[in-house]
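Note that the structure is a prediction, hence the values are computed from the model and not measured. Just so we're on the same page: letters track the sequence lines, and every chain starts at 1.
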Protein chains: 2
Amino acid sequence: MSRAHNSSGPPRPSEELDGRRAAILDAVVAEYVETAQPVGSATVARSAGVGVSPATVRAEMVALEREGYLTQPHTSAGRIPTDLGYRFFVDHLAEPGVLGPTQRSQVARFFNHVRGEMEEVLERTSALLAELTSHASVVVGPSHDAARIVSAQVVRLASKVGLVVTVLDDGAVEKATVELDDDLADETLSVASAALAERFVGRELREVRAEEPLGLDPRAASIVTRSLEAVASIAARREPEHVFIGGSSRIASSFDAVETVRSVLATLEQQLVVVHLLNDVLDSGLSVAIGGEHGYEPLASCAVIVAPIAVEGAPSGVVGILGPTRMNYPEAMAAAEVVSSKLSRRFAAVRHGDPEDQVEPRRG
Amino acid sequence: MSRAHNSSGPPRPSEELDGRRAAILDAVVAEYVETAQPVGSATVARSAGVGVSPATVRAEMVALEREGYLTQPHTSAGRIPTDLGYRFFVDHLAEPGVLGPTQRSQVARFFNHVRGEMEEVLERTSALLAELTSHASVVVGPSHDAARIVSAQVVRLASKVGLVVTVLDDGAVEKATVELDDDLADETLSVASAALAERFVGRELREVRAEEPLGLDPRAASIVTRSLEAVASIAARREPEHVFIGGSSRIASSFDAVETVRSVLATLEQQLVVVHLLNDVLDSGLSVAIGGEHGYEPLASCAVIVAPIAVEGAPSGVVGILGPTRMNYPEAMAAAEVVSSKLSRRFAAVRHGDPEDQVEPRRG
DNA sequence: CTTGGCACTCCACTCTACCGAGTGCCAACT
DNA sequence: AGTTGGCACTCGGTAGAGTGGAGTGCCAAG
C-alpha cells in the first residue's frame with residue numbers, strides 16, 4: 001500500500017522527527033481529531049506513548065511548531081496540527097488502520113446483499129462509504145473506452161428520430177439520437193442497423209471512427225454515417241462516465257463556517273472538477289491529499305482519500321472520501337481500502353462470468 | 001395557473017384581508033425577503049402602496065399578527081411573515097411574476113443550445129433552474145411505465161452473464177443482467193433474444209409480465225422467462241426514473257444555522273423522499289407549499305415550488321424549486337413556470353419527430 | 001536533559017450599562 | 001370613526017470592564 005502525495009512541496013524540514021516528537025505529534029493529531037479543540041501540553045503528556053512531563057512536551061512542541069507541524073491559533077492556546085503535521089501522521093501510520101467490527105460487518109452485509117446493475121452498485125457504494133466514514137464520498141465508475149461493443153443497433157423512436165444503442169461488454173449501454181430522413185422505410189433502417197452492428201460489434205468503443213460506409217443503399221449509408229458520428233462523439237467526450245457523490249450533507253457537519261460548507265458543496269457539484277481532483281491525487285494504490293496539497297482552493301480545508309478500483313490490474317474507477325483535514329485518517333483510509341478492494345473483486349467476478357456475489361465467510 | 005396548497009389547514013381567519021392590510025402584508029413580505037430583517041412599521045409606511053402613517057400601520061400589524069399572518073421574533077422588534085402570511089402573499093399575487101431580462105435570455109439561450117439525450121437535458125435543466133433562482137432545484141423525468149417498447153434483446157456479456165436491453169419509445173433504455181447457463185450456445189441466445197423481441201416490442205413497459213413462453217427450446221425458454229422477470233421487476237420498482245438535483249450548495253447560503261443546512265441536505269439526498277414530496281405538493285399546474293404545509297419535518301423552514309412537465313396533457317415529470325420560506329416567490333414561480341413549459345414543449349417536439357429544437361424568436 | 005514552579009498572556013465568559021429601533025397606547029385632529 | 005403624532009416603554013445587540021482559567025515560555029533546581 002503506497003501513500004503517495006502530490007504536494008508540490010512545502011519546505012520539509014531536512015531531519016525527520018525523532019520518536020518522541022513523532023509520538024507527541026501523533027497525540028496532538030489524535031486528540032484534535034477527536035475533540036476539535038487545540039491540544040495542550042498537559043493533555044499530550046497524559047496520553048499513552050509519551051512518557052514525559054508537560055514541560056518537556058512544551059519544549060518539543062515549540063520545536064514542532066518551528067518545523068511547521070503544529071500551529072497555535074493564538075498565544076496561550078493549545079496546538080493544532082498543520083497540513084504538514086497531518087501529512088507526517090499519515091505517512092508514518094504504524095498499522096494500516098482498521099475498521100471497527102460494526103463497520104466491518106456493515107461492509108460485508110452490503111457486498112453480500114447488493115444486486116443489480118453496475119451503476120446501482122456504484123451509487124449505493126457511495127452511500128455506504130459516506131455512512132461508514134461520516135464524510136462525503138465519491139465513486140467514479142470505470143471508463144468505457146476500453147470496453148468492447150457487444151451489440152449495436154438503430155431503432156426508430158418517432159417518424160424522424162432514431163436512437164443508436166450500443167451495449168458494451170462491461171454492461172454499460174450508450175445511446176444517442178440520430179435524425180432520420182422524413183419518409184425512411186423501416187427496411188432501410190434495418191439494413192442500416194445491421195450494417196452498424198457489423199462494423200461495431202467486437203470493436204472497442206474508442207476505435208469507433210466516423211467513416212463512409214461502402215456498398216450500401218445511400219439512405220442507409222447516411223444513417224450509418226450519422227450513427228458512427230454520434231457514437232464516436234460519445235466515446236470522445238472525456239466526461240466521466242458515472243460519478244456518484246454520497247453523503248454531501250455530512251459536509252455541513254464537518255465545518256461550522258457556513259461559507260466553507262457552501263464552497264465545498266459548490267465544488268462537489270461540479271463533478272468534472274471532482275473527477276479531475278481524484279485523478280490528480282490518485283497516484284497508485286491508496287493516496288491521501290491533505291489541505292493545500294491538492295491545488296483546489298475551495299477545498300483547502302478538506303482532505304481527500306482516494307483508492308483505485310482495479311480489475312485485473314487495469315484501473316477501473318476510483319473511490320474517494322472527502323472530509324475536513326481534521327478527520328480520522330486511519331479509519332477513513334481503511335474504509336476506502338476495503339471498499340475499493342471489495343468493489344474490484346466484485347467487478348472481476350462479473351467479468352469472469354459469475355453473476356453471483358462471492359459470499360464472504362463470516363468470522364466473528 | 002392554479003396555486004394549490006395541500007395544507008391540512010391552520011385555522012384560517014374567516015374574513016379575507018381588506019386591501020390595506022393586504023398591502024401591508026405584501027410590503028412586509030417584500031421587505032423581509034430582501035433584507036432578512038424584521039420589518040418595522042416605519043419601513044412599511046414608507047413603502048409604495050401603503051399611504052398611511054406608521055401608527056396606522058402598527059395598528060394593522062397588530063391585527064395581522066392576531067390573525068396569524070405575521071409574528072414578532074420578540075417584543076419591540078419588527079414583524080416577519082408567518083407561513084400563513086407567505087401563503088396569502090402567494091395566493092394573491094397580482095401579476096404572475098416575471099423573469100428579469102437577463103434570466104429570460106438565459107432561459108432562451110439554454111433551450112436553444114441544449115442538445116443530447118433526455119437525461120442530459122434534464123440534468124442541465126436542474127442546473128439552469130438553480131442558477132436562475134439561486135435555490136436548489138429538483139427535476140424528475142417522466143415515468144417510463146406508459147412508454148412503449150421499441151426494441152428488446154438479450155446479449156452476452158460474459159460466459160455466464162447476459163444483459164437484457166429494452167429500448168423505450170421515449171428514448172430511455174432499460175437493462176438488467178440475467179444469469180446464463182454455463183455452456184449456452186450463441187444460437188440459443190439468439191433464439192431467446194428473438195422470442196423476447198417478439199413478445200416485447202409494441203407493448204407498454206408496465207404490461208410486461210413474467211410468463212411461461214411456449215413452443216421454444218427449453219433452454220431458450222428459460223432465458224426468456226428470466227428476462228421477462230427481470231424487465232417486469234424494472235417496471236415494477238416504483239423508484240423514480242430519473243431525479244436530478246441541482247444547486248444544493250445554495251442551501252448553505254439560504255440558512256445560517258448549519259444544522260438546518262445539514263438536515264435539508266440530508267433530506268435532499270434521499271431522492272425518494274424528495275420525489276414523494278413533489279408529487280404530494282403537485283396539485284395541477286404550478287403549486288407552492290410553504291413551510292409546514294408539506295408535512296416534511298426537516299423541510300419546515302423551506303418552501304417548495306412545483307410545476308409539472310406535461311406532454312400532450314399527460315404529466316411527464318416535474319420541476320421543483322426548494323428554497324427557504326423567505327424566498328422571492330414571484331420570481332421563483334415564474335422560473336418554474338417558464339422552465340417547465342419550455343421543457344414540455346421540447347419533449348412534445350421530440351415526440352412529434354422533430355429532433356431539432358424550436359428556435360425562439362428573439363425579441364429585445 | 002528533564003522537571004516543577006511561576007509569572008504572564010490572552011481567550012472566553014459574564015455582567016453591566018446603554019443605545020436605539022420598534023412597539024403599544026393615548027389624546028388630539030380631521 | 002378612523003388617523004395621526006407624541007410618548008413612555010421594552011428589549012435585543014453591542015461595547016466595555018472584570019474575571020477565571022487554560023496554556024504558555026522561561027528558569028532554576030534536580
Side-chain angles (χ1 to χ4, degrees), chain A residues 15 17-25 27-82 85 256-257 326, chain B residues 15 17-25 27-82 85 256-257 326:
Chain A
E15 296 288 326
L17 301 180
D18 64 23
R20 195 169 67 183
R21 282 191 195 165
I24 291 175
L25 179 53
V28 172
V29 169
E31 186 71 16
Y32 183 66
V33 163
E34 194 172 334
T35 65
Q37 299 294 329
V39 185
S41 53
T43 315
V44 172
R46 226 177 295 126
S47 88
V50 183
V52 291
S53 75
T56 311
V57 170
R58 281 202 288 279
E60 297 289 41
M61 278 171 135
V62 175
L64 282 166
E65 183 166 4
R66 191 180 352 102
E67 291 167 16
Y69 295 103
L70 295 177
T71 357
Q72 270 179 307
H74 56 82
T75 355
S76 89
R79 296 329 204 271
I80 64 181
T82 60
D256 31 45
R326 180 185 88 73
Chain B
E15 297 288 325
L17 301 180
D18 63 23
R20 196 168 68 182
R21 282 191 194 165
I24 291 174
L25 179 53
V28 172
V29 170
E31 186 71 15
Y32 184 65
V33 163
E34 195 172 335
T35 65
Q37 299 294 328
V39 185
S41 54
T43 316
V44 172
R46 226 178 295 125
S47 87
V50 183
V52 291
S53 75
T56 311
V57 171
R58 281 202 289 279
E60 297 289 41
M61 279 172 135
V62 175
L64 282 166
E65 183 165 4
R66 191 181 350 102
E67 290 167 18
Y69 296 103
L70 295 177
T71 357
Q72 272 180 305
H74 54 82
T75 355
S76 88
R79 303 309 207 285
I80 65 181
T82 60
D256 32 45
R326 181 186 88 73

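- Side-chain contact between A:R79 and A:V62: present, with at least one pair of heavy atoms (C-beta onward) separated by less than 4.5 Å.
- The side chain to side chain contact (heavy atoms under 4.5 Å, CB included) test with B:V28 is passed by exactly one of B:V39, B:V50, B:V57: B:V39.
- Rounding to the nearest 0.5 Å places CG of B:L64 at 9.5 Å from OG1 of B:T82.
- Looking at heavy atoms from C-beta onward, A:L70 lies in side-chain contact with A:M61 at the 4.5 angstrom threshold.
- What separates CZ of B:R20 from P of D:dG2 is a distance of 10 Å, to the nearest Å.
- Computed from coordinates, the B:I80 CD1 to C:dA21 C1' distance equals 16 Å when rounded to whole Å.
- More than 12 heavy-atom neighbours from other residues, nucleotides or ligands sit within 6.0 angstrom of CG on A:D18.
- Whole-Å rounding puts the A:L70 CG to D:dG25 P distance at 11 Å.
- Atom CZ in B:R58 sits 7.5 Å away from atom OG in B:S53 (nearest 0.5 Å).
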> Which letter, B, S or -, goes with each nucleotide of nucleotides 5-23 of chain D from 5' to 3', with contact meaning a protein heavy atom under 4.0 Å?
Replying inline: BB---BBS----------S

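- As a whole-Å value, the separation of B:E60 CD from D:dG2 C1' is 10 Å.
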Can you pull every protein N or O that's under 3.5 Å from an N or O on nucleotides 28-30 of chain D?
none

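- Residues that satisfy the salt bridge (charged side-chain N to carboxylate O under 4.0 Å, His left out) test with B:E34, not counting sequence neighbours, are absent from this structure.
- The closest side-chain heavy-atom distance from B:V44 to B:E60 is not below 4.5 Å.
- With rounding to whole Å, A:R21 atom CZ is found 10 Å from C:dT2 atom P.
- Remark: C1' of D:dG25 and CD of A:E65 are 12 Å apart, rounded to the nearest angstrom.
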